[in-house]
Amino acid sequence: MPTANPDATEIFRMSPADATVPDLMGAHRPAHPTLTIVKGPQIGEVFELDSPQITLGRDPHNSVFLNDMTVSRRHARMELGPVGSGQATIEDLGSLNGTWVDGAITTRAALKDGSTIQIGTFRMVFHTNARPRRIDTEA
C-alpha cells in the first residue's frame with residue numbers, strides 16, 4: 001500500500017447540501033413576487049406578495065409585519081403591477097428611519113428582481129418570480 005505524501009494537495013468537495021448559503025426557497029417557485037429577509041430579527045422568513053398593494057411595518061395588521069422598534073408602525077407601501085409583469089414600486093410613508101433600496105435612501109423607487117430593501121434592521125431581497133416568456137424565433 002503506498003504511503004500518502006504529506007506535501008501533496010488533496011481535493012475536498014463539499015456536498016451542495018452542506019453549503020454555507022442556504023437555498024431559502026428550495027424547489028418551491030411561488031406564483032407571486034416575494035420578499036425574503038436576509039438580515040435582521042426574522043432572518044429567513046419569506047413573504048409571498050399576493051396583493052396589488054402591500055404595507056410594511058411594525059403594526060401586526062401590515063401585510064409584511066416587521067417586529068422591531070427600528071421600524072415605524074406604517075413604514076412603507078409597495079405597489080405591484082399585474083402578476084408576471086415584474087413591475088413594482090416601494091414608497092416610504094414618512095417613517096423615522098427611512099426606506100433604502102439598493103443602498104440609497106428613497107421616498108419612492110422602482111423595484112427589479114433582486115433589489116434589496118433596508119427597513120430598520122431588516123434587509124430584504126425582492127424577487128418578481130415572473131415566469132420566463134417564450135421568445136419566438138424564425139428559422
Side-chain angles (χ1 to χ4, degrees):
M1 181 186 313
T3 59
N5 180 350
D7 296 327
T9 301
E10 292 185 33
I11 297 175
F12 173 76
R13 295 194 196 283
M14 181 180 290
S15 161
D18 293 336
T20 57
V21 178
D23 181 5
L24 297 175
M25 297 304 292
H28 174 66
R29 179 125 174 135
H32 301 284
T34 56
L35 270 181
T36 304
I37 298 176
V38 295
K39 180 182 175 202
Q42 297 163 235
I43 192 166
E45 192 165 346
V46 178
F47 297 93
E48 193 164 346
L49 311 175
D50 58 359
S51 172
Q53 189 176 86
I54 304 294
T55 57
L56 301 92
R58 194 177 74 232
D59 186 328
H61 293 101
N62 285 294
S63 312
V64 176
F65 173 47
L66 302 172
N67 192 14
D68 190 77
M69 291 303 293
T70 61
V71 178
S72 297
R73 284 185 179 90
R74 285 191 34 85
H75 198 102
R77 177 178 48 239
M78 294 176 70
E79 299 281 340
L80 305 175
V83 174
S85 72
Q87 297 173 344
T89 59
I90 188 165
E91 179 181 6
D92 186 83
L93 298 176
S95 67
L96 183 63
N97 292 326
T99 300
W100 299 71
V101 175
D102 296 328
I105 194 164
T106 185
T107 54
R108 184 173 178 84
L111 298 172
K112 62 185 184 308
D113 190 57
S115 287
T116 60
I117 300 168
Q118 180 87 29
I119 292 179
T121 58
F122 294 89
R123 182 171 300 141
M124 298 165 280
V125 178
F126 172 76
H127 286 290
T128 61
N129 294 316
R131 302 289 189 245
R133 288 181 284 168
R134 181 184 169 122
I135 300 173
D136 291 322
T137 59
E138 295 186 29

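Put simply, the side chain of N97 gets close to the backbone of T70: a donor and an acceptor are under 3.5 Å apart. Looking at S72, its side chain does come within 3.5 Å of a backbone N or O of L96 through a donor-acceptor pair. Listed for the T107 side chain is no donor-acceptor partner under 3.5 Å among the backbone atoms of D92. Side-chain atoms of Q42 never come within 3.5 Å of backbone atoms of G44 as a donor-acceptor pair (strictly under, hydrogens ignored).
The OG1 atom of T106 lies 9.5 Å from the CD atom of E91; values are rounded to the nearest 0.5 Å. Rounding to the nearest 0.5 angstrom, the gap separating the OG atom in S51 from the NE2 atom in H32 is 10.0 Å. Atom CE of M78 is separated from atom CD1 of I90 by 5.5 Å, given to the nearest 0.5 angstrom. Separation of atoms CD (Q118) and CE (M124) is listed at 7.5 Å; rounding is to 0.5 Å. Rounding to the nearest 0.5 Å gives a distance of 12.0 Å between CD1 of I117 and CZ of R123. Taking CG from N62 and CZ from R77, the interatomic distance works out to 11.0 Å, rounded to the nearest 0.5 Å.
Contact record, A110 with T89: CA-CG2, 4.2 Å, taken as the closest heavy-atom pair. Smallest separation of non-hydrogen atoms from F47 and F65: CZ-O, 4.0 Å. Of all heavy-atom pairs between D68 and R58, the closest is O-CD, 3.2 Å. Taking each heavy atom of T116 and G103 in turn, the nearest pair found is OG1-N, 4.4 Å. What you find for L80 and P33 is that their closest heavy atoms are CD1-CG, 4.3 Å. Pairing each heavy atom of L56 with each of I54, the nearest pair is CD1-O, 4.0 Å.
Atom CZ of R73 is surrounded by 12 or fewer heavy atoms from other residues, nucleotides or ligands within 6.0 Å.
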Q. Would F126 and V101 count as a side-chain contact (heavy atoms from CB on, under 4.5 Å) if you check the C-alpha gap in whole Å, the side-chain angles of each, and the deciding distance to 0.1 Å?
A. CA-CA 10 Å; F126 172 76; V101 175; over 6 Å; no
Q.
Does D102 form a side-chain contact (heavy atoms from CB on, under 4.5 Å) with K112? I'd like the steps, not just the answer.
A. CA-CA 10 Å; D102 296 328; K112 62 185 184 308; 3.3 Å; yes
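H75 and S95 form a side-chain donor-acceptor contact under 3.5 Å, judged by distance and modelled atom types alone.
For the side chain to side chain contact (heavy atoms under 4.5 Å, CB included) criterion with I37, the lone passing option out of V46, V64, L66 is L66.
The side-chain heavy atoms of T121 and P41, taken from C-beta on, include a pair separated by under 4.5 Å.
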